[in-house]
Amino acid sequence: MDAYIVTGASKGIGQALCRQLSRSGHFVIGIARSQSKEWSGKRFFVFDLARLLEIPRLMADIAEGLPEDVQRITLINNAGTVEPIGFSDNNDPEAIQANINLNLTAPMILCSAFIAQFKSKECEKAIVNISSGAARKIYQGWSAYCASKAGLDHYSRVLDAEGADVKVVSIAPGIIDTDMQAQIRESNAEDFPLLGRFRDYKDTGILSTPEETAAELIGLMGRSDFRLLDPVLDLRTLPPYEKEGTSDQ
Ligand code: NDP
């Protein structure tokens, strides 16, 4: 049996991931501040990831509930926020702090706790960090978001180079019709000059659904050459499969 630990499991991409992984019979643990109805009676930790120093304890509690015969454990750092939206001279210090804590510091502590917690566990291990195109491109008005996601990418490269027995990827998932996109569309052009383009994305129907994106992420994690992939990826431009026989690392 495979186990998945998913942050931001209450809505959007995280909820769709958990729904599909559970439906396929996997052991799924969700984490978020609020628990949607479909999680009732399931393995859900109501937890605010702003409680950074309590994260190692959370990981230990999660580990205690895992089945003995688990063959692969995957941590998916998906919880995130785009706020504060606005030019940096106008960003509230608490909002900057909350952004970096949720988008970068919490995933770093989760990765660190995950690697340490399962060090002696003999099974396959993987970490999927949900990044953003904003890690790699400049978006005026999203300085904290861009910086936090760029940090997440580079952190993932370092983890990869440190060579723990945990495969790490940081992946930009595309543009998806979630509450986060609604929040972006509700901002104003003074704070976010590309507002019109993001409203057009919705109007012209080019946003992916959370279910489509979740299915693609699950496809990625299931690739036979998953462990050979670069640590920084984009779901829209994945490399072709490595040839049979070269993917046995
Ligand atoms: P949503 O806003 O729809 O969902 C965010 C999730 O994070 C929710 O489940 C929320 O749950 C959880 N969350 C927020 N704050 C906390 C917290 N303090 N502690 C614990 N959980 C928290 O976002 P998306 O599904 O759109 O985004 C998921 C990921 O994908 C993010 O990392 C985002 O940056 C990335 N992404 C999204 C894109 C898009 O177009 N939607 C594009 C590129 C990247 P709750 O409120 O219950 O705590």
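Read the numbers this way: they start at 1 and go in the same order the structure lists the ligands and their atoms. On a predicted model such as this, the values are computed, not experimentally measured, just so you know.
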Under 4.0 Å to a heavy atom of [X] - the qualifying atoms of ligand 1, by number:
{"X": "Ala9", "answer": "9 (O)"}
{"X": "Asp48", "answer": "17 (C), 18 (N), 19 (N)"}
{"X": "Asp179", "answer": "3 (O)"}
{"X": "Phe47", "answer": "19 (N), 20 (C)"}

Nearest heavy atoms of [X] and [Y], plus distance in Å:
{"X": "Lys137", "Y": "Cys146", "value": "O-SG, 3.8 Å"}
{"X": "Leu233", "Y": "Pro239", "value": "CD2-CD, 4.2 Å"}
{"X": "Tyr4", "Y": "Ile76", "value": "CD2-CD1, 4.1 Å"}
{"X": "Val28", "Y": "Cys18", "value": "CG1-SG, 3.8 Å"}

Distance-only donor-acceptor check, side chains Ser170 and Asp153, under 3.5 Å: yes

Per-residue contact class, [X] against ligand 1 - non-hydrogen pairs under 4.0 Å:
{"X": "Leu102", "result": "side chain"}
{"X": "Pro173", "result": "side chain"}
{"X": "Pro210", "result": "neither"}
{"X": "Tyr145", "result": "side chain"}
{"X": "Gln181", "result": "side chain"}
{"X": "Gln15", "result": "neither"}

What residue and atom, counting heavy atoms only, is the protein's closest point to [atom], and at what distance?
{"atom": "atom 10 (C) of ligand 1", "answer": "Ser10 OG, 3.8 Å"}
{"atom": "atom 1 (P) of ligand 1", "answer": "Met180 N, 4.2 Å"}
{"atom": "atom 13 (N) of ligand 1", "answer": "Ala79 CB, 4.0 Å"}
{"atom": "atom 16 (C) of ligand 1", "answer": "Arg33 NE, 3.4 Å"}
{"atom": "atom 19 (N) of ligand 1", "answer": "Leu49 N, 2.9 Å"}
{"atom": "atom 21 (N) of ligand 1", "answer": "Ala32 CA, 3.7 Å"}
{"atom": "atom 30 (O) of ligand 1", "answer": "Ile130 CG2, 3.3 Å"}
{"atom": "atom 26 (O) of ligand 1", "answer": "Thr178 OG1, 2.5 Å"}

Side-chain heavy-atom pair Pro231, Val168 within 4.5 angstrom cut-off: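 Counting from C-beta outward, Pro231 and Val168 never come under 4.5 Å.
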
Does [X] have a non-hydrogen atom less than 4.0 Å from ligand 1?
{"X": "Gly174", "result": "yes"}
{"X": "Thr7", "result": "no"}
{"X": "Gln183", "result": "no"}
{"X": "Ser208", "result": "no"}

The single option from Tyr145, Phe87, Phe198 passing ring-ring contact (aromatic ring centres under 6.0 Å, His included) against Phe192: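 Per the ring-ring contact (aromatic ring centres under 6.0 Å, His included) rule, the option paired with Phe192 is Phe198, out of Tyr145, Phe87, Phe198.
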
Residues Gln117, Ile62; criterion side chain to side chain contact (heavy atoms under 4.5 Å, CB included); working and verdict: CA-CA 10 Å; Gln117 181 69 45; Ile62 290 171; over 6 Å; no

Any N or O of [X] that comes nearer than 3.5 Å to an N or O of ligand 1?
{"X": "Gly8", "result": "yes"}
{"X": "Gly133", "result": "no"}
{"X": "Ile31", "result": "no"}

Test: Arg43 cationic atom under 6.0 Å from Phe27 six-membered ring centre, within 45° of axis: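 Yes, Arg43 and Phe27 form such a contact.
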
Cation-pi geometry met for Arg199 and Tyr201 (6.0 Å, 45°):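 Not satisfied by the 6.0 Å and 45° rule.
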
Step-by-step side-chain hydrogen bond (donor to acceptor under 3.5 Å, both in side chains) determination, Asn99 to Ser148: CA-CA 7 Å; Asn99 179 299; Ser148 62; 3.1 Å; yes

Side chain to side chain contact (heavy atoms under 4.5 Å, CB included) between Leu217 and Ile13, intermediate numbers included: CA-CA 10 Å; Leu217 286 167; Ile13 301 167; 4.0 Å; yes

Same apolar cluster (I L V M F W Y, side chains within < 4.5 Å links), Ile218/Ile171: yes

Step-by-step side-chain hydrogen bond (donor to acceptor under 3.5 Å, both in side chains) determination, Ser10 to Gln35: CA-CA 6 Å; Ser10 60; Gln35 186 173 6; over 6 Å; no

Salt-bridge contact Glu211-Arg19 (side-chain N to carboxylate O under 4.0 Å):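 Looking at Glu211 and Arg19, the cut-off is met.
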
Shortest reach to atom 29 (C) of ligand 1 by a heavy atom, considering only Ile176, Asn78, Thr213, Ile171: Asn78

